[in-house]
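Here the structure comes first, spelled out in structure tokens, and everything after it is commentary.
Along the sequence shown, residues carry numbers from 1. Side chains included, hydrogens not; waters and symmetry mates left out as well; all remaining heavy atoms used.
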Amino acid sequence: MSMITATLIAVLLIVVSYLIGSVPFAVVVSRLMGLADPRSFGSKNPGATNVLRTGNKTAAALTLLGDAAKGWVAVVLSTWLTQRFGMSNSVVAACAVAAFMGHVYPVFIGFKGGKGVATALGVLLGLNPWLALATVGTWLIIAWVSRYSSLASIVSAIFAPFYYLLGGNVAWRMDGSVAMAIVAISVMLLYRHQANISRLMTGKESRIGGNKNKTDSRRR
């Protein structure tokens, strides 16, 4: 394969991954189920947590699954095609970041997306199920102890790169480009949680199962 052909395929995969990540499942599921647009209430964040504020747990679960699935699909598809064409893992890493950024800045809804927690999980699952399991375990422990969903996401984002490094060449094959992709996604997750970090520091963040009447003033 020529360098030009390989470059074109790589660019195409990255663009497709971004478009997959851009699918706004929170908006799509809400419309299909006759619910209010998640961008019009609560945190105005098109994600599963805000959809849950409608009280429809099924819609929230479908949104969560959809957002995670698109990260997984982008990574698995790019992995299969790069292996088929004998391309570098750096292309998979780029596709992983592209899918995540597609959720955060989706072209289909004016580049105003969610925080990317579920999509990041899907990406990790596509890269390595054990890595995803370790990260989910961290989220569950922190969420159970603190009752803060945002804190669990923040801590998980910090630990995910360390898990990858610790398990490198032990539980999975270490790859520098993949490590950089995970770090980039983790940094963006922390950036997207700036408001939550501020509220956590001032004691104003809402807890899991907290008073629903106060959710509008406690944006997640």
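In terms of the side chain to side chain donor-acceptor pair (under 3.5 Å) criterion, residue partners of S177 (sequence neighbours excluded) are, by chain and number, D175. Residues passing the side chain to side chain contact (heavy atoms under 4.5 Å, CB included) test with M33 are V29, L35, N56, T58, A59, L62, sequence neighbours excluded. Under the rule for a side chain to side chain contact (heavy atoms under 4.5 Å, CB included), the partners of I142 that lie at least two apart in sequence or sit in another chain are T138, S146, L151, A152, V155. Taking the side chain to side chain contact (heavy atoms under 4.5 Å, CB included) definition, one finds that A69 meets it with nothing, sequence neighbours left out. For the side chain to side chain contact (heavy atoms under 4.5 Å, CB included) test, residues two or more places apart in sequence or in another chain that qualify with I154 are I158, L190, H193, I197, L200. By the side chain to side chain donor-acceptor pair (under 3.5 Å) test, T5 is found to be paired with S2, residues two or more places apart in sequence or in another chain being considered. In this structure, the side chain to side chain donor-acceptor pair (under 3.5 Å) partners of S88, at least two apart in sequence or on a different chain, are S90. With sequence neighbours left out, the side chain to side chain donor-acceptor pair (under 3.5 Å) criterion links T82 to no other residue.
In this structure, T79 OG1 and L127 CG are separated by 7.0 Å, a value rounded to the nearest 0.5 Å. Residue S17 holds its OG atom at 14.0 Å from CZ of F100, rounded to the nearest 0.5 Å. Atom OG in S198 sits 9.5 Å away from atom CD in E205 (nearest 0.5 Å). Remark: L8 CG to L13 CG distance equals 11.0 Å, nearest 0.5 Å.
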Output side-chain donor-acceptor pairs under 3.5 Å for residues 105-114, partner residues at least two apart or in another chain, one line each.
none

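Cluster note: L140 groups with L121, V136, W139 through ILVMFWY side-chain heavy atoms spaced under 4.5 Å, whether in direct contact or through intervening members.
Note on V183 and V75: separate hydrophobic clusters, where clusters join Ile, Leu, Val, Met, Phe, Trp and Tyr whose side-chain heavy atoms are under 4.5 Å apart, directly or indirectly. L189 and L131 end up in the same hydrophobic cluster when Ile, Leu, Val, Met, Phe, Trp and Tyr side chains are linked at under 4.5 Å. Follow the hydrophobic side-chain contacts under 4.5 Å out from Y18 and you reach V15 in the same cluster. Each of V123 and L64 belongs to its own hydrophobic cluster when Ile, Leu, Val, Met, Phe, Trp and Tyr are linked at side-chain heavy-atom distances under 4.5 angstrom. Hydrophobic clustering keeps L166 apart from I182 (ILVMFWY residues linked when any side-chain heavy atoms are closer than 4.5 Å, directly or through intermediates).
Atom CE of M87 has more than 12 neighbouring heavy atoms from other residues, nucleotides or ligands inside a 6.0 Å radius.
Residues K57 and L52 have side chains in contact (heavy-atom distance under 4.5 Å, counting atoms from C-beta outward). Between W72 and L124 the shortest side-chain heavy-atom distance does not fall below 4.5 Å. P38 places a side-chain heavy atom less than 4.5 Å from the side chain of V27. R53 places a side-chain heavy atom less than 4.5 Å from the side chain of N50. Using a 4.5 Å heavy-atom threshold, the side chains of L81 and F85 count as touching. Within the 4.5 Å cutoff, side-chain heavy atoms of R173 are placed close to those of N89. The side-chain heavy atoms of M180 and V97, taken from C-beta on, include no pair separated by under 4.5 Å.
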Open item on the list: Using the rule given for side-chain contact (heavy atoms from CB on, under 4.5 Å), can you reason through V117 versus R192, listing the C-alpha separation, both sets of side-chain angles and the distance that settles it, and then say yes or no?
Closed with: CA-CA 10 Å; V117 175; R192 296 289 288 178; over 6 Å; no
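Between D67 and A118, the shortest heavy-atom contact is CB-CB, 3.7 Å. Contact between A157 and S186 at its shortest, heavy atoms only, is O-OG, 2.8 Å. Of all the heavy atoms in G47 and T63, the pair that sits closest is C-CG2, 4.0 Å. The nearest pair of heavy atoms linking V91 to A10 is CG2-CB, 4.0 Å. Residues I14 and C95 share a closest heavy-atom pair of N-SG, 3.8 Å. Scanning both residues, W172 and Y164, for their nearest heavy atoms gives NE1-O, 3.0 Å.
Every pair passing salt bridge (Lys or Arg N to Asp or Glu O under 4.0 Å) that includes a residue from residues 21-41 is listed here, sequence neighbours excluded: D37-R39. For residues 126-149, the set of pairs meeting the salt bridge (Lys or Arg N to Asp or Glu O under 4.0 Å) definition, not counting sequence neighbours, is empty.
Panel note: side chain S153, backbone S149; a donor-acceptor pair is recorded below 3.5 Å. Between the side chain of Q83 and the backbone N or O of W80 there is no donor-acceptor pair closer than 3.5 Å. Side chain of K70 to backbone of I20: no donor-acceptor contact under 3.5 angstrom is found.
Using cut-offs of 30° and 60° for the angle between ring planes, the F159 and F162 rings count as perpendicular.
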